[in-house]
Amino acid sequence: MKLIVYIILLLCIGVMTISFTRLFRFNTEQCPVFSWTHFLLLIWAYLILTVGFSLIYLSLEFLGNPILAFNYSVTPGSISYIGNLIYFSLVTMLTVGYGDITPIGLGKFIASTQALIGYLLPAAFLASGIAKSTQKWSRSG
């Protein structure tokens, strides 16, 4: 069982990495710097990372590593537990958290990494769009 969880964990990290890097290689030659395409790509990146980090938290919990401490009663492995992991992942990506779920142990490092990515993601998309537009303008003029 642990081998399966390790495989899922590695696949999750690999898929997140590949998907995330492909988002920045998306051809936006025809798009202006600020477009709905960029905005939708940013939302898609947030969704990929939120679900990916949720699966990482879930995998580590299944392996017996306590990652999160809940300030309320929740049954591990239940649908509400998985929902709470997705909620924690989304709140960590978009804010610094509400305090109802607290990362512990290895979870502190993972949540910190996720929060850092969540803060840097819009800046990376903006910088990418500006760089591509600058290249397009320098080629045309």
*Asks:* CG/Leu85 to OG1/Thr50 distance, rounded to the nearest 0.5 angstrom?
*Replies:* 12.5 Å
*Asks:* Taking side chain as C-beta onward, heavy atoms only, is Leu58 less than 4.5 Å from Ile67?
*Replies:*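 In short, these two side chains do not touch, never coming nearer than 4.5 Å.
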*Asks:* Under 4.5 Å between side-chain heavy atoms, counting indirect links through other Ile/Leu/Val/Met/Phe/Trp/Tyr residues: same cluster for Leu106 and Ile104 or not?
*Replies:* no
*Asks:* Should Asn84 and Asp100 count as side-chain neighbours, where that means a heavy-atom distance under 4.5 Å?
*Replies:*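 Sidechains of Asp100 and Asn84: no contact.
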*Asks:* Using a side-chain heavy atom cutoff under 4.5 Å and only I, L, V, M, F, W and Y, what cluster partners does Leu120 have?
*Replies:*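 Taking Ile, Leu, Val, Met, Phe, Trp and Tyr as members, Leu120 shares its hydrophobic cluster with Leu116.
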*Asks:* Go through the structure and list residues passing side chain to side chain donor-acceptor pair (under 3.5 Å) with Tyr98, not counting sequence neighbours.
*Replies:* none
*Asks:* Taking ring-ring contact (aromatic ring centres under 6.0 Å, His included) as the definition, give me every residue that meets it alongside Tyr119, ordered by chain and number, with sequence neighbours left out.
*Replies:*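 Partners of Tyr119 under the ring-ring contact (aromatic ring centres under 6.0 Å, His included) test: none.
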*Asks:* I need the Ser54 OG to Met93 CE distance, nearest 0.5 Å.
*Replies:* 10.0 Å
*Asks:* For the CD1 atom of Ile117 and the OG1 atom of Thr92, what is their distance to the nearest 0.5 Å?
*Replies:* 11.5 Å
*Asks:* Can you give me the closest heavy-atom contact between Gly118 and Tyr46, atom names plus distance?
*Replies:* O-OH, 2.8 Å
*Asks:* Are side-chain heavy atoms of Ile101 and Tyr87 found at a separation under 4.5 Å?
*Replies:* yes
*Asks:* Applying side chain to side chain donor-acceptor pair (under 3.5 Å), name anything that partners Asn65, two or more places apart in sequence or on another chain.
*Replies:* none
*Asks:* Going by side-chain contact (heavy atoms from CB on, under 4.5 Å), name the residues that satisfy it together with Ile7, two or more places apart in sequence or in a different chain.
*Replies:* Leu3, Leu11
*Asks:* Let's go through Glu61 and Leu68 carefully: what are the C-alpha distance in whole Å and the side-chain angles of both, what is the deciding distance for side chain to side chain contact (heavy atoms under 4.5 Å, CB included) to 0.1 Å, and is it a yes or a no?
*Replies:* CA-CA 8 Å; Glu61 289 278 345; Leu68 302 172; 4.3 Å; yes
*Asks:* CZ/Phe53 to CG/Leu90 distance, rounded to the nearest 0.5 angstrom?
*Replies:*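 It comes to 13.0 Å.
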*Asks:* Can you name the residues that form a ring-ring contact (aromatic ring centres under 6.0 Å, His included) with Phe109, not counting sequence neighbours?
*Replies:* none
*Asks:* Does Leu55 have any side-chain contact (heavy atoms from CB on, under 4.5 Å) partners at least two apart in sequence or in another chain, and if so, which?
*Replies:*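 Applying side-chain contact (heavy atoms from CB on, under 4.5 Å) to Leu55 gives Cys12, Val51.
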*Asks:* List the residues meeting ring-ring contact (aromatic ring centres under 6.0 Å, His included) with Tyr57, not counting sequence neighbours, and say none if there are none.
*Replies:* Phe88
